[in-house]
Colleague: 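Okay, here's the structure, questions in a sec.
In what follows, every chain begins at residue 1, and chains take the letters A, B, ... in the order their sequences are listed.
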Protein chains: 2
Amino acid sequence: MGSVGTALAEMTMPQISPLAGEPIERADAERLAGVLKALADPARLRLLSLIQAAPDGEACVADLTSPLGLSQPTVSHHLRILTESGLLEREKRGVWAYYRLVPASIATIADLLTPPRKRATKRAR
Amino acid sequence: MGSVGTALAEMTMPQISPLAGEPIERADAERLAGVLKALADPARLRLLSLIQAAPDGEACVADLTSPLGLSQPTVSHHLRILTESGLLEREKRGVWAYYRLVPASIATIADLLTPPRKRATKRAR
DNA sequence: TGCTGATATGCAGGCGGGTCGATGCTGTTG
DNA sequence: CAACAGCATCGACCCGCCTGCATATCAGCA
C-alpha cells in the first residue's frame, strides 16, 4: 500500500467559510477548492443527479454510462473522484459497485457557501 | 467587438438543483459547473474572502495582490472570472476598480447544493 | 476449472486554465 | 502638457484534467 491513491477522504471536508469573518488561509482555500473542483464538472454533476434520482438512491456504473454518453472507464474515473472527495460512498455487492450520495458532505459545502445572512456561522467562540 | 469575451454574466446563474427531483440535463449541468469552476480555485476563494472581510466590503486590485502573493495581471484575471460568473460586481471610481460580493449569487449556489433535508424543494408534484 | 461479465487501472492525446512579463489605456498630478 | 500610477489586455509557457482505448482484476457460473 505504498501507493498514493487509497483512502484519502479524510481531510477533504473543510470547516472554514470564505464568506464569514476574516480571510481564509491558503491551506483552507485549497481544501475547499479541491471539493469544489470535484463538483465543478458537468459529467460529475449529472452523476450526482442521476444517483440521487435513482430508485433506491443508489446506482452502479452500468446504469450511468448510457445516460451520460460517456465510456465506462470515464464514468468510473468520475465516480472515483467524487468518492475520494467524500461526496459519494461506494458499496460493492457481488460484481456490481453501488454508489450513493453522502448528503452531509454536500450540506457542509452548501453551508460554507451560505453568506452570514440566515446561518449563524457558530461564531460562539 | 465581434469578439467573444464581453458581457456574458447573464445565463450564468442556474436554477435547477442536481440534488432534488429528476436528473438535470446537460445544459443545466454545464451552467452550474461553470459557476462552480469559478469558485473552485484557491486564489479566487481567497479573493472572495479578502473582499468580504475588507473594511467596506469592497477592495481594489492593489489591495489584493500582496495578500495573495500573485502578480497584478493574475489578480485581475481572477477578478474578471468571478465578475463574469456573477459572483462579484465591479465599480470603477477614478483610477481604482472596486470589487464587492454579490451575496444573492452565492446564496443561489448554496441553495442549489442544499439537499432536500431542510429546504422544501417544492416536491408538490 | 475455465469462461463471461462488471468494474477498475494504465497509458496517451488533446484541450483548457493558471501564471507571469510586457504592453496599452485611462485618469490623476505636477 | 508631461509624467506617473492603477488596471486591463496580449502573448506565451506549463501543468493538470477529461476522454477513450486497451488491459487487468474479481465475482459468478457452467
Colleague: If you check the B:Cys60 side chain, which of D:dT19, D:dA8, D:dC7 turns out closest?
Modeller: D:dC7

Colleague: When we call it a touch if two heavy atoms are under 4.0 Å apart, what does B:His77 touch: a base, just sugar-phosphate, or nothing?
Modeller: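 Result for B:His77 = base.
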
Colleague: Could you tell me the separation between the CG atom of B:Leu87 and the CG atom of B:Leu101, rounded to the nearest 0.5 Å?
Modeller: 8.5 Å

Colleague: Check the phosphate of C:dA6 against A:Tyr99, side-chain N and O only, distance under 4.0 Å to OP1 or OP2. Yes or no?
Modeller: no

Colleague: Have a look at A:Ile81 and say if it touches a base, only the backbone sugar-phosphate, or nothing, with a 4.0 Å heavy-atom cut-off.
Modeller: sugar-phosphate

Colleague: Considering only NZ, NE, NH1 and NH2 on the basic side and carboxylate oxygens on the acidic side, decide whether A:Arg46 and B:Glu30 come within less than 4.0 Å.
Modeller: no

Colleague: In plain terms, say whether A:Arg93 and A:Glu58 are close enough for a salt bridge, that is, a side-chain N and a carboxylate O under 4.0 Å apart.
Modeller: yes

Colleague: Measure CG/A:Leu36 against P/C:dG18 and give the value in whole Å, please.
Modeller: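 Between P of C:dG18 and CG of A:Leu36: 13 Å.
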
Colleague: In whole angstrom, what separates A:Glu30's CD from C:dG18's C1'?
Modeller: 13 Å

Colleague: Heavy-atom nearest nucleotide on DNA chain C for A:Val95 versus B:Gly94: which residue maps closer to 5'?
Modeller: A:Val95

Colleague: Measure from the side-chain heavy atoms of B:Ala43 and tell me the nearest of D:dA8, C:dT19, C:dC20.
Modeller: C:dT19

Colleague: Would you say B:Arg93 reaches C:dG27's phosphate, i.e. side-chain N/O to OP1/OP2 under 4.0 Å?
Modeller: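 Checking B:Arg93 against C:dG27: no side-chain N or O falls below 4.0 Å of OP1 or OP2.
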
Colleague: Would you mind reading off the distance between A:Leu64 atom CG and C:dA6 atom C1', rounded to a whole angstrom?
Modeller: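 Computing the A:Leu64:CG to C:dA6:C1' distance gives 13 Å.
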
Colleague: Give a yes/no answer on whether the side chain of A:Arg80 brings an N or O atom under 4.0 Å of OP1 or OP2 in C:dT9.
Modeller: yes

Colleague: Grab the CZ-P distance between B:Arg90 and C:dT26 for me, whole Å please.
Modeller: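 Checked: the CZ to P distance equals 13 Å.
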
Colleague: Without decimals, in angstroms, what is the distance between B:Leu79 CG and C:dT19 C1'?
Modeller: 15 Å

Colleague: Using heavy-atom distances to pick each residue's nearest nucleotide on DNA chain D, tell me which of A:Lys92 and A:Lys37 is more 5'.
Modeller: A:Lys37

Colleague: Tell me which nucleotide among D:dC21, C:dG18, C:dC20 gets nearest to the side chain of B:Leu70.
Modeller: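 Shortest atom-to-atom distance from the side chain points to C:dC20.
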
Colleague: To the nearest angstrom, how far is B:Trp96 atom CH2 from D:dA5 atom P?
Modeller: 12 Å

Colleague: Which nucleotide in the set C:dG21, C:dG18, D:dC7 lies at the smallest distance from any side-chain heavy atom of B:Pro73?
Modeller: C:dG21

Colleague: For side chain to side chain donor-acceptor pair (under 3.5 Å), just list the numbers for B:Thr108 and B:Ser105, CA-CA rounded to whole Å, side-chain angles, deciding distance to a tenth of an Å, and then say yes or no.
Modeller: CA-CA 5 Å; B:Thr108 299; B:Ser105 303; over 6 Å; no

Colleague: To the nearest 0.5 Å, what is the distance between CG (A:Leu45) and CG (B:Leu32)?
Modeller: 5.0 Å

Colleague: Between B:Glu58 (CD) and D:dC7 (P), how many Å, whole number?
Modeller: 12 Å

Colleague: If you find the nucleotide of DNA chain D closest to B:Ala62 and the one closest to A:Ala40, which residue's nucleotide is nearer the 5' end?
Modeller: B:Ala62

Colleague: Between D:dT19 atom C1' and A:Arg44 atom CZ, what is the distance in whole Å?
Modeller: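 It is 12 Å, rounded to the nearest whole Å.
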
Colleague: State the CG-CG distance between B:Asp111 and B:Leu19, to the nearest 0.5 angstrom.
Modeller: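 The distance works out to 11.0 Å.
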
Colleague: Ignoring hydrogens and angles, answer whether the base of C:dA8 and the side-chain atoms of A:Gln72 contain a donor-acceptor pair closer than 3.5 Å.
Modeller: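 Pair found.
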
Colleague: Indicate whether OP1 or OP2 belonging to D:dG20 is found under 4.0 Å from a side-chain N or O atom of A:Thr74.
Modeller: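 Checking A:Thr74 against D:dG20: at least one side-chain N or O falls below 4.0 Å of OP1 or OP2.
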
